[in-house]
There are 2 protein chains.
Amino acid sequence: MNALTTDIVLAAGVAVVREHGWNALSMRAVAARLDVTPMALYRHVSSAEALSEAVLTAIAGPIAEVTRSGDAIADLEAWARRAYAALVPYPGAATALLVRWFETAPALRAVEGLLQSMYDDGVDGFEAVAAVNVVFMFALMRAQGEQSVRSAGVVRRRLRTAAVAESLPRLTGLMEHYTTARFDLHFEYGLQALLNGIAARSVPA
Amino acid sequence: MNALTTDIVLAAGVAVVREHGWNALSMRAVAARLDVTPMALYRHVSSAEALSEAVLTAIAGPIAEVTRSGDAIADLEAWARRAYAALVPYPGAATALLVRWFETAPALRAVEGLLQSMYDDGVDGFEAVAAVNVVFMFALMRAQGEQSVRSAGVVRRRLRTAAVAESLPRLTGLMEHYTTARFDLHFEYGLQALLNGIAARSVPA
DNA sequence: ACCTGAACACCGTTCAAGT
DNA sequence: ACCTGAACACCGTTCAAGT
């Protein structure tokens, strides 16, 4: 009994990330959690990299779905909120996904769905790519949570540093588009700013 | 003689990344290259993470500068070409920078300069953020070079896979905005597509 | 002040062996 | 068929010791 399956291995990997963060994911950590030798895992994943890829795909699963209502702004908003909620419990997973989204099936499906939603609403080409891109990055960066908070702190510190003597007035002024210190509160604010920007472009001047 | 300095340590780190890629950067690798004990480095960098941060900042140095001509499109184009050229010799550095650009001084200065260039040309707010964002990501993703080529291959393979049975027609159609297989050739093509998209938005419809 | 050496707690992976 | 154990080549870092 207690036979090891691939699903059990992946579930253990997801649990490791949830409890100890993306960087703690390793063959030995997963094996230890299952009270098994590291070598036992090689029957179910071909390498440590394959394990990471499969675990990230499992974690990112919920972001794949995009509801298409005909209103692209509403779809982007709903998706961003779900992606944020899905990734927040897994420290470091959003960063990992930002780097590998092009190799991760649920992320590809999410981008595809968002591009389709824009197309349904009459937005195509560069406009669509830029809008989806900025919302996608925003949701992932916000989901980094505490890491983002630290980053925001670093920026402010750097502004007073000799290494970056020139200040960054534009970046500072537009910072809410990237990150803010109280991420859970300001997630909505930043998201609304982005969505308003996108909506404004659809309206004739 | 042959006294170790921080500059020597960082130069060795940069050389390790150039020759063996970002993932090969480690205390022990840098120490071995300098014919020195790993412990000797701790006099100049406080930790492995501090070493990585300093080496990435050194590599990213050349992307900080943004020439501001009054023509934002020209500025974006010139910057993207320089950033691409600067990062291509360092495998994996673009990916590392994509994750940490918010904590890396030269990247912050680049984004600031590009936002300023957009502002000079009458583009502000979301428009500026989205345009700078997409060009920034594009330049970094293209600089990944071979990794991007492999990623593009993965996408096509995934399209014929049961795991992602639904195809990705929009993403495929707009793929030149993200990546292409022959990156050095198509860098110019994709960049022009992006810049045309940005320029088109400035013109009244 | 500057560097070394040994040690400890990690990591992925190969290979031969158990049952 | 499935898992173990020992081994090898890595990793970061602490601590005590050399000169």
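Convention: sequence-line order gives letters A, B, ...; per-chain numbering from 1. What you are looking at is a predicted structure, and each value in this text was computed from that prediction instead of being measured.
- Between Met118(A) and Leu114(A) the shortest side-chain heavy-atom distance does not fall below 4.5 Å.
- Less than 4.0 Å separates DNA chain D from at least one heavy atom of each of the following residues of residues 21-42 of chain A: Val36(A), Thr37(A), Met39(A), Ala40(A).
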Distance-only criterion, 3.5 Å: show the donor-acceptor pairs between side-chain atoms of residues 63-76 of chain A and protein atoms not counting sequence neighbours.
{"residue": "Arg68(A)", "atom": "NE", "partner": "Asp120(A)", "partner atom": "OD2", "Å": "3.0"}
{"residue": "Arg68(A)", "atom": "NH2", "partner": "Asp120(A)", "partner atom": "OD2", "Å": "3.2"}
{"residue": "Ser69(A)", "atom": "OG", "partner": "Asp71(A)", "partner atom": "N", "Å": "3.2"}
{"residue": "Ser69(A)", "atom": "OG", "partner": "Asp71(A)", "partner atom": "O", "Å": "3.4"}
{"residue": "Ser69(A)", "atom": "OG", "partner": "Asp75(A)", "partner atom": "OD1", "Å": "2.9"}
{"residue": "Asp71(A)", "atom": "OD1", "partner": "Ile73(A)", "partner atom": "N", "Å": "3.1"}
{"residue": "Asp71(A)", "atom": "OD1", "partner": "Ala74(A)", "partner atom": "N", "Å": "3.4"}
{"residue": "Asp75(A)", "atom": "OD1", "partner": "Ser69(A)", "partner atom": "N", "Å": "3.1"}
{"residue": "Asp75(A)", "atom": "OD2", "partner": "Ser69(A)", "partner atom": "N", "Å": "3.1"}
{"residue": "Asp75(A)", "atom": "OD2", "partner": "Ser117(A)", "partner atom": "OG", "Å": "2.6"}

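- Not counting sequence neighbours, Asn23(B) has no partner by the side chain to side chain donor-acceptor pair (under 3.5 Å) test.
- When the side chain to side chain donor-acceptor pair (under 3.5 Å) test is applied to Arg33(B), the partners found at least two apart in sequence or on another chain are Glu19(B).
- Nearest approach of Ala24(B) to Ala29(B), heavy atoms of both residues: O-CB, 3.5 Å.
- A heavy-atom distance below 4.5 Å is found between the side chains of Val55(A) and Ile59(A).
- Residue Ser47(B) places its side chain closer to dT13(D) than to any other of dC3(C), dT13(D), dG12(C).
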Worksheet, complete the sentence: Its dot-bracket string being built from Watson-Crick and G-U pairs below 3.5 Å, with | for another strand and [ ] for crossing, DNA chain D has the pattern ||.|||||...|||||.||

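- Ile8(B) has its CD1 atom 13 Å from the P atom of dC2(C), to the nearest Å.
- In this view, Phe136(B) and Trp79(B), Trp101(B) satisfy the ring-ring contact (aromatic ring centres under 6.0 Å, His included) rule, not counting sequence neighbours.
- In this structure, the nucleotide among dC3(D), dC2(C), dT13(C) sitting nearest to the side chain of Arg43(B) is dC2(C).
- Using a 4.5 Å heavy-atom threshold, the side chains of Arg100(B) and Ser52(B) count as touching.
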